[in-house]
Structures are given as structure tokens and as C-alpha cells.
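Data first, discussion second: the structure below is written as C-alpha cells.
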Amino acid sequence: MTNQMKKWGYISMILCCMGMTFGCASNQEPRQALPSEALEADAPKVITTCATDESKPSEQKIPAQYTDDWSALKQASQSDHSYAYQDGKVYFRQYHADSFEEGAVWGHYAPIAGTTKEMVCIDADGQMTTLFSDQGFGDFYLIGSRFYMMEKHITYENDVKRVRDRLYSVDMQGEHRSEYGEGEICAVDLDRAILILKLFSEETGEAVYNVLDCKQDTLTEIAHDPSNELIFLEYQDGWCYFDRHTEEVCHVTAISLDGAYNEIVALAPSEAALEYGYSEDLWGMKVAGGRIYMKYGSYAGSAAMYQDGRIITTKLDGTDYRGIECGADCFMVCSEAGRPLVYFPECVADNGDPYATGVWDLENNIIAASDFPYQLIYEYQEQRVPVYRKEDRSYLMCERNGAFYGVFSDSAQIVRLADEMNQEIGQRAEVDWQWEQAPFSYHHLYYADGFLYFEVEMNRYDDTYAVGWRDGYRRVQTNLYRRNLSDGTMELLYTY
């Protein structure tokens, strides 16, 4: 579960409480349930989270690294899985006007169950081919010759309509479908050709974490979670990392693909959180360079606003606890010549902008300043599902003020891809829009073979969909474009 998903889960708990019945795949190979008594036997001492005093503010500046050479993107993988790439072709869904809600709070339009879309591909020459139609939505993963996807599944319980996410796979023609049950995709390991799935038992509704072997199309249980205490946060090279939550303590637990487990550290709320009644939790995690990095803090209020917290790190055996205070709910772990650097938005309240970028240099025990755009750290944190491939560099496609970038997660290097896109889009014949009054929003940026793919979404304020002080918007039009980075030409692929 990502930081954003967990945050929205908090909001959902405020708004409603619903009883649920779930379904699960039948081709599952059972494995022994996670033995909580064994986890408790050698559990580490509970640590009250706090900032440690090793790291001091520094006058040092760490400049943002920009480059106009996008050739490095050819050998790297990216985080947006609204697309897939194989053998010179880019695959994506073609949506329609009925695919999403007409309007929503903040313009977060939910997909509509039971609506049909097409899976299409496009080659370097621009030839588009429709492969099949189905009712899937959202991210998908092309592994071998099969698509792994989700769809909204409608059921009725005591005449009450319920809509759940259901996982399935199909071949390249949309046929030979396999069903895996209701739940979510937690992680993808491309080296092992596996998915980590959180599914829900049809009989009990209990959460069960499974490995889906894409070559054999079999499910193997790695962790049974009868009390719904396990919250998936990270995957790295055969290990799943969870917050095993008990009362007020977060037990950071690693479970391997073959069922081995290791409790790394146990974290308890700060004294201030207990004094003011905040419930502190883990909201983000990254494993890199033999260390585990965690965002620990609290959301509160009807808007679920972040109430301050800490970035915490230990070695993978739980030793060498380090922590700094951080008022933002995101961070990015990078390195420079093997030196770990943690980028985070830092509250400065200067020149009308409340944030700048701070960099935690663990090796030198300092916190330096940087001109790296802090907005890109927020976008980096929104990555939904970790996709692992040992030899790959990964990068995130970002947009800021109409300029597009690729940001490498290992080095924080920023690749400039396009700028002044607002003006260019606003001048196109198919766009009847006053972008100066209502700027475009850009979604689902993707790079492949010298082309940049991106959606342009146009919305209008509509108080019909507002809730209190939360603004409502109505979607007017969404266009998918492909831009040639070599000559700057751009084509409209489809609109809905």
C-alpha cells in the first residue's frame, strides 16, 4: 500500500464503515500462516521514535543535476504503468467518456465499473492496432505474453451494490483469462516473473499475501494475516517489507518469498503524539544500500492533514537507528558515489513558498540545502507499486509548470524533456480552452524510443461536486498525445 493509498484509507475510515465479503483464487498453494508467536519470541526492543542528534544543519549546498541528454532513459525503467513496452511497441488502454466519473472532489475521477475499453498498441511509425476489448482499468503489467490487470467487480449483498477490485490476466489477444480474486497488486519482480498480491479470503475476508508465479500461473501464500495487521510497504530482491501493526507499535517486518521472516525494528509514537492524541504510523518506506528508510508520523482532521513526523533509518538488521524531524510526508533516497542522500521537502516559509529541499547526508552527518525542486519529491512519493529488476536504473516522469522531466531515483539527476507545453497545447486546433484561466493538468507521462507520451486533462470548477471547502471539478476532455523528442512534432492519438 502506498503512502497516498494509506492516506485515502484513513479518510475512508472517517467517512464510512462497511462490512465486506471477498473472493479469492482457487489455484492457490497453501502455506503455513504467519506465526505471530514466533515473531514475538525474538522481537527487538520497542524504540520511541525521535530525531537523533548526529545530523546538524550545514551551509553546504547540493545543486540539482540537470541534463538535456535523454539517451540514458533508453536503458532504464520507469514508474508509470499505464503503459507497457515490448518489441518496439507501446501498449496502453483507450478510454471513453463513460470510463470515469463526470465530476469529483479535487478532480479525482474514479473509474466506472462495467465500462468497456480497448487495449491498443502503437509502433514507431505511428500505426495503432486494437488488440482486444475488456473492462479493466488502471495500471497493468505485460510479463512475457500476458497482461496482468484489474477490473471493477460488481456484487450485490442484501440488495446493496458493492464494487471491488478484481485481479486477472489475459494473453495478447485478450483470451485464456485467469482469475486471481479480489485484492491488489503490491509489487512486481520482473527478474523472477512474479507478482506480490494481497488477496482476500472468500470464506473469512482475511487478507492473504501471495506470490503469483507468472510462468506457472500458480499462487503461493507467503503470509496469512487473520487480524489484518500487515500493511505492505516495500519489496526488494525477494523480500517483502511490512508494517505489522499492533496497538500503537509498528513492527517493521521482512518476509521472504519462501516464508522466512525477520522483525527489523519496532517503533512507538513520540511523547508529543501521545500527549496530543495523534496516532502515528509508517507512511512510506524504501530499502536501498543495506538500509531501510521510513516515514513515520500522523495524519489527523477531516482533511487528513499531515501533522509532522520523522524520517527514520536503520540497517537491515535494525541497528544504527538514525532520525530527523520532517514536516512533509515524503522523501527520496538517492546516492552520490556510494554516499546515501535523502531528499525531502523542508519547511522554510521564505519568499511566499513554504518549502525548499533539504538533503540528509548520512555519511557526513549533515543536513544540506538543495535547489532540487521539492515538488518532484512529492511526485516521486506517489509511485504506487514497486517494480523490481536488479540491473535496471529506474526513473520517474514528472511535470512542473508545463515542463516535463525524467528524474532518476538513484542519483536525483533530472533529464529535461520538454518545456512550455502549456502554450503549445493551447494553440492546437482540437483544444478549445483558455489555459491562462484554467491550466491543463498532465497525467501518465511515458517515454519510449524517442517519443514522449502524455495525457492532457481539461477540467472546469463545478460546485455540484464540491464537499464543504473541498473544490469540485467536472472533466471536460482528456487527450493522449505522442511527441517526437528529436524534431518536436506532436500527434493526437485519441481523445475522450
Side-chain angles (χ1 to χ4, degrees), residues 1-7 9 34 39 44 49 77-79 81 139 141 183-192 194-198 207 209-212 222-223 225 229-245 250-267 281-297 309-318 320-323 326 329-335 340 342-344 362 377 379-390 392-396 409-410:
M1 180 183 291
T2 62
N3 181 22
Q4 185 70 7
M5 292 166 63
K6 195 172 177 186
K7 176 181 174 184
L34 182 66
L39 283 171
T49 59
S77 60
Q78 52 195 303
S79 63
H81 295 278
D139 289 355
Y141 305 89
E184 62 184 272
I185 298 174
C186 295
V188 180
D189 187 327
L190 296 176
D191 289 339
R192 295 174 172 87
I194 61 172
L195 304 179
I196 308 300
L197 306 182
K198 181 180 182 179
Y209 287 91
N210 297 268
V211 177
L212 171 60
I222 58 171
D225 184 20
E229 295 176 341
L230 284 176
I231 299 172
F232 180 92
L233 290 172
E234 170 70 317
Y235 175 85
Q236 189 73 210
D237 196 14
W239 285 86
C240 302
Y241 295 85
F242 298 89
D243 168 13
R244 187 176 66 85
H245 210 82
C250 296
H251 301 266
V252 180
T253 304
I255 303 177
S256 73
L257 296 179
D258 59 7
Y261 54 84
N262 175 38
E263 186 168 328
I264 297 171
V265 66
L267 303 174
D281 294 291
L282 286 169
W283 298 100
M285 183 182 291
K286 180 67 177 177
V287 173
R291 299 189 69 91
I292 185 168
Y293 300 83
M294 297 160 281
K295 189 71 182 86
Y296 186 87
R310 289 151 296 287
I311 300 174
I312 295 166
T313 180
T314 72
K315 293 181 179 180
L316 290 179
D317 62 2
D320 192 26
Y321 173 97
R322 311 271 291 278
C326 180
D329 63 350
C330 58
F331 65 91
M332 184 170 72
V333 179
C334 306
S335 66
V342 181
Y343 286 69
F344 61 95
L362 274 74
I377 305 174
E379 293 199 39
Y380 175 85
Q381 191 73 12
E382 292 306 308
Q383 296 183 68
R384 293 175 289 276
V385 174
V387 177
Y388 177 80
R389 177 175 278 163
K390 188 171 184 179
D392 264 6
R393 298 183 70 195
S394 63
Y395 65 94
L396 172 70
S409 57
D410 60 349

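Along the sequence shown, residues carry numbers from 1. As the structure is a prediction and not an experimental result, all values here were calculated from the model.
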Strictly distance-based, threshold 3.5 Å: is any side-chain N or O of Asp191 a donor or acceptor partner for the main-chain N or O of Lys390? yes
Can you list everything that forms a side chain to side chain contact (heavy atoms under 4.5 Å, CB included) with Asp317? Sequence neighbours excluded, please. Lys315, Thr319
Considering residues at least two apart in sequence or located in another chain, which fulfil the side chain to side chain contact (heavy atoms under 4.5 Å, CB included) criterion with Ala254? Trp239, Tyr241, Ile264
Spacing of Asp329 atom CG and Ile311 atom CD1 [to the nearest 0.5 Å]: 10.5 Å
How long is the straight-line distance from CD of Gln236 back to CD1 of Ile292, given to the nearest 0.5 Å? 10.5 Å
CG of Leu197 to CD1 of Ile222: how many Å apart, nearest 0.5 Å? 9.5 Å
Could you pull out the closest heavy-atom pair between Lys295 and Cys326, with the gap in Å? NZ-O, 3.4 Å
Would you please name every residue forming a side chain to side chain donor-acceptor pair (under 3.5 Å) with Ser335, sequence neighbours left out? none
Between Ile196 and Tyr388, is the side chain to side chain contact (heavy atoms under 4.5 Å, CB included) condition met? List the steps. CA-CA 11 Å; Ile196 308 300; Tyr388 177 80; over 6 Å; no
Is there side-chain contact between Leu282 and Ile231, with heavy atoms separated by less than 4.5 Å? no
For the student: nearest non-hydrogen atoms of Phe331 and Met294, plus distance: CE2-C, 4.0 Å
Does the side chain of Leu195 reach to within under 4.5 Å of the side chain of Val188, using non-hydrogen atoms? yes
Parallel, tilted or perpendicular, judged at 30° and 60°: which one describes the rings of Phe242 and Phe232? perpendicular
Holding to ring pair (Phe, Tyr, Trp, His ring centres under 6.0 Å), I want the full list of residues that pass it with Tyr343, two or more places apart in sequence or in another chain. Phe372
Counting C-beta onward and ignoring hydrogens, is there a side-chain heavy-atom pair between Val385 and His81 closer than 4.5 Å? no
Hey, does the side chain of Tyr209 reach the backbone of Cys240 with a donor-acceptor pair shorter than 3.5 angstrom? no
Output the distance between atom CG (Leu257) and atom CD1 (Ile194), rounded to the nearest 0.5 Å. 4.5 Å
Contacts of type side chain to side chain contact (heavy atoms under 4.5 Å, CB included), residue Leu362, not counting sequence neighbours: Arg291, Tyr293, Thr313, Arg322, Pro340, Val342, Trp360
The salt bridge (Lys or Arg N to Asp or Glu O under 4.0 Å) partners of Asp237 (sequence neighbours excluded) come to Arg192
If you apply the rule side chain to side chain contact (heavy atoms under 4.5 Å, CB included), what do you find for Ser409 with Leu396, and how did you get there? CA-CA 7 Å; Ser409 57; Leu396 172 70; over 6 Å; no
As an exercise, state the distance from CG of Asp139 to CD1 of Ile185, rounded to the nearest 0.5 Å. 8.0 Å
Taking all heavy atoms of Lys198 and all of Leu230, pick out the closest pair and write down the distance. NZ-O, 4.1 Å
Flag the pair Glu234 / Pro386 as yes when at least one side-chain heavy-atom distance between them is below 4.5 Å, and no otherwise. yes
Can you list the steps and then say if Cys250 with Tyr296 is a side chain to side chain contact (heavy atoms under 4.5 Å, CB included)? CA-CA 10 Å; Cys250 296; Tyr296 186 87; 3.9 Å; yes
Tyr235 and Ala187 have their tightest heavy-atom pair at CB-CB, 3.5 Å
